[in-house]
2 protein chains.
Amino acid sequence: MPPTSRAERRRDIERRVVEVGRRHLASDGAAGLSLRAVTRELGMVSSAVYRYVAGRDELLTLLLVDAYGELADAVDEAVAAAADRPWDERVVVAGAAFRAWAVADPASYALLYGSPVPGYEAPAERTVEPGTRVTLTLLRLLAEGVEAGEVTPAGPAPVGDTRLLADLERLVAETGLPGGADVMGRALLLWATLVGGTSLEVFGQYGRDTLTAPGALLEHQLRLALAVLRAP
Amino acid sequence: MPPTSRAERRRDIERRVVEVGRRHLASDGAAGLSLRAVTRELGMVSSAVYRYVAGRDELLTLLLVDAYGELADAVDEAVAAAADRPWDERVVVAGAAFRAWAVADPASYALLYGSPVPGYEAPAERTVEPGTRVTLTLLRLLAEGVEAGEVTPAGPAPVGDTRLLADLERLVAETGLPGGADVMGRALLLWATLVGGTSLEVFGQYGRDTLTAPGALLEHQLRLALAVLRAP
DNA sequence: CTTTGTCAAGAGCAGTGCTCTCGTTCATGG
DNA sequence: CCATGAACGAGAGCACTGCTCTTGACAAAG
């Protein structure tokens, strides 16, 4: 009996493919991720990797799911570590963790919230659930704010469009957010602010040397968006 | 004397390279843009295109500058067409035009505000100026609001971090925005909301069928951000 | 008219994703 | 316990990419 069974070896190699792939993704970006290069580093010939991964797209999907999970873990961990602080400060903590993860691994962040890789469609059944974990965490924090009476039922700008109202009400029903469509509209402001501010920084749109404290800027933007949730 | 001189032919081909490149970019995305495919469509052999374009990166730069210009033109045009409306509604008009351009040409939008193409660094001297046109337009509208006394000097969340305060004050000095660092901080909320909301929609992060009126959502988000600029 | 420089074409290099075949090795069912 | 079938790694090969270099034809300028 060999020390490592066939099934064990297979699992081990599958794990290493993803691990090397993640390192290459971090250094070369999604478009530069080469299946051949990953295979070379594993000491195999180029065709052998197809025994473990259906193709480049599947490796990208694995890395995508991985990244969603890591990001959500980082956010949830930060929120849990601040459990004694009020809901709105925990939203800022969550956003700061979101940004910190993105800054630490820009290529993975780009895979999640940047331009979709052309010709590659993430399979919904494997990516939707891990992709919504962060938003669920944020919504849970907002729910605390609603139940504490600190989130106003109506914000400073009414939801005018009737179709938008229907969209928001459907989202409220789907997510179980306590509070109406107006609260959901302001929650989406928070979400857009978080993703927008992070993307602007990580993708270099603020300019090279214009900001010395980008983290503080994002927190400020989040506090402003939170003020809208507390304002009449 | 031939009907078309050598210089004329050259300019014509240079123009057509960019034109075909833009079409390929729109259909295949930045990563799928193939210089060989463009050259084929022009009826030339693959190596001939290097007489007109230094390489793939330069074609991407040309398309990038082009896209920045088109986007800024679309925004400026929409703002000019609403010259009779108040400054804050013109901000919404500008944002809606921004989004409409992005939805109409997602690949170009991704080139501007999505993940940076790995290994490709946009040459600053050719991209910074066209890239800041949209932000300058928005800042001009905000300046109107400040001078009309409708933008409050201090918003609902103070700028706490001192380094952030210095960053914002430098930006105020560089852009000549009437109003202090606090106004600039809220202006960056607006900018992050616009880019974030547009990216979330264009990059498919809202989910496939969750929104029937995405344009209305972005306008709502912008109105909420504008409320922060008018709020104490 | 001659020289100079531009041009398109072609061959070629190194790299990519992916497919197929071919012996070998392992696991398991008779 | 051993034979059969599945899994495996290696290699060759196809079509594609960006890019370089050389070659011969042509136009523009002296």
Side-chain angles (χ1 to χ4, degrees), chain A residues 1-18 20-21 23-25 27-64 107 111 117-123, chain B residues 1-18 20-21 23-25 27-64 107 111 117-123:
Chain A
M1 191 199 303
T4 57
S5 83
R6 205 155 191 162
E8 280 170 351
R9 276 178 56 88
R10 179 172 187 94
R11 268 202 304 272
D12 188 59
I13 295 187
E14 278 174 349
R15 201 178 39 76
R16 277 171 45 192
V17 167
V18 174
V20 173
R23 212 169 50 245
H24 283 211
L25 172 68
S27 60
D28 301 331
L33 179 68
S34 159
L35 217 50
R36 285 180 112 112
V38 170
T39 313
R40 262 196 305 273
E41 189 166 327
L42 293 177
M44 292 192 296
V45 84
S46 71
S47 61
V49 78
Y50 292 93
R51 300 250 174 230
Y52 303 95
V53 152
R56 213 185 85 105
D57 280 8
E58 172 160 335
L59 180 55
L60 277 177
T61 301
L62 292 173
L63 295 172
L64 189 83
L111 196 59
V117 180
Y120 165 70
E121 186 96 10
Chain B
M1 193 198 300
T4 58
S5 84
R6 207 155 189 164
E8 279 171 351
R9 276 178 56 90
R10 182 175 183 92
R11 267 202 304 272
D12 188 57
I13 294 185
E14 278 174 349
R15 201 177 39 76
R16 278 171 44 193
V17 168
V18 174
V20 173
R23 214 170 47 247
H24 283 211
L25 171 68
S27 60
D28 301 330
L33 179 67
S34 159
L35 218 49
R36 285 179 112 112
V38 170
T39 313
R40 262 197 304 274
E41 189 166 326
L42 293 177
M44 291 193 296
V45 82
S46 72
S47 61
V49 79
Y50 291 92
R51 298 252 169 225
Y52 303 96
V53 153
R56 213 186 86 104
D57 281 8
E58 173 160 334
L59 180 55
L60 276 178
T61 301
L62 292 173
L63 294 172
L64 189 83
L111 196 59
V117 180
Y120 165 69
E121 184 96 8

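Note on naming: letters A, B, ... go to the chains in the order of the sequence lines (proteins, then strands), and numbering restarts at 1 for each one. Since this is a predicted model, take the numbers as computed values, not measurements.
You'll find that the side chain of A/Arg9 is closest to D/dG9, out of C/dG17, C/dG10, D/dG9. Residue A/Tyr52 places its side chain closer to D/dG9 than to any other of D/dG9, D/dT17, D/dC19. Listed nucleotides C/dC18, D/dA10, D/dC19 differ in distance to A/Tyr50; the shortest reach to its side chain belongs to C/dC18. The side chain of B/Arg56 sits closest to D/dG18 out of C/dG10, C/dT19, D/dG18.
If you measure from atom CG of A/Asp57 to atom C1' of C/dG17, you get 10 Å, rounded to the nearest angstrom. To the nearest angstrom, C1' of C/dT16 lies 16 Å from CG of B/Leu35. Taking atom CZ on B/Arg51 and atom P on D/dT23, their separation rounds to 14 Å, with Å as the unit. Nucleotide C/dG17 holds its C1' atom 12 Å from the CG atom of A/Leu33, rounded to whole Å. Across the protein-nucleic acid pair, B/Asp28 atom CG and D/dG18 atom P stand 11 Å apart, rounded to whole Å. Here D/dG18 presents its P atom at 10 Å from CG of B/Leu60, a figure rounded to the nearest Å. Distance A/Met44 CE to D/dA10 C1': 11 Å, rounded to the nearest Å. Distance CG (A/Leu42) to C1' (D/dA10): 15 Å, rounded to an integer number of Å.
For B/Arg36 against D/dG18, a side-chain-to-base donor-acceptor contact under 3.5 Å is present.
To the nearest 0.5 angstrom, B/Ile13 atom CD1 is 11.5 Å from B/Arg51 atom CZ. The distance from atom CG of A/Leu60 to atom CG of A/Leu35, rounded to the nearest 0.5 Å, is 9.0 Å.
With salt bridges taken as basic N to acidic carboxylate O contacts below 4.0 Å, none links B/Arg9 and B/Asp12.
For the OP1/OP2 pair of D/dA10 and a distance below 4.0 Å, the side-chain nitrogens and oxygens of A/Arg40 include no atom meeting the criterion. Phosphate contact (OP1/OP2 of C/dC7, side-chain N/O of B/Arg10, threshold under 4.0 Å): present. The phosphate of D/dT17 has OP1 or OP2 within less than 4.0 Å of a side-chain N or O from B/Ser34. Distances shown here put every side-chain N or O of A/Ser46 at or beyond 4.0 Å from the OP1 or OP2 atom of D/dG11.
The shortest distance between side-chain heavy atoms of B/Leu33 and B/Asp28 does not fall below 4.5 Å.
If you check every strand for non-hydrogen atoms under 4.0 Å, A/Leu59 touches nothing.
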Worked verdict on B/Val53 versus B/Val38 for side-chain contact (heavy atoms from CB on, under 4.5 Å) = CA-CA 12 Å; B/Val53 153; B/Val38 170; over 6 Å; no
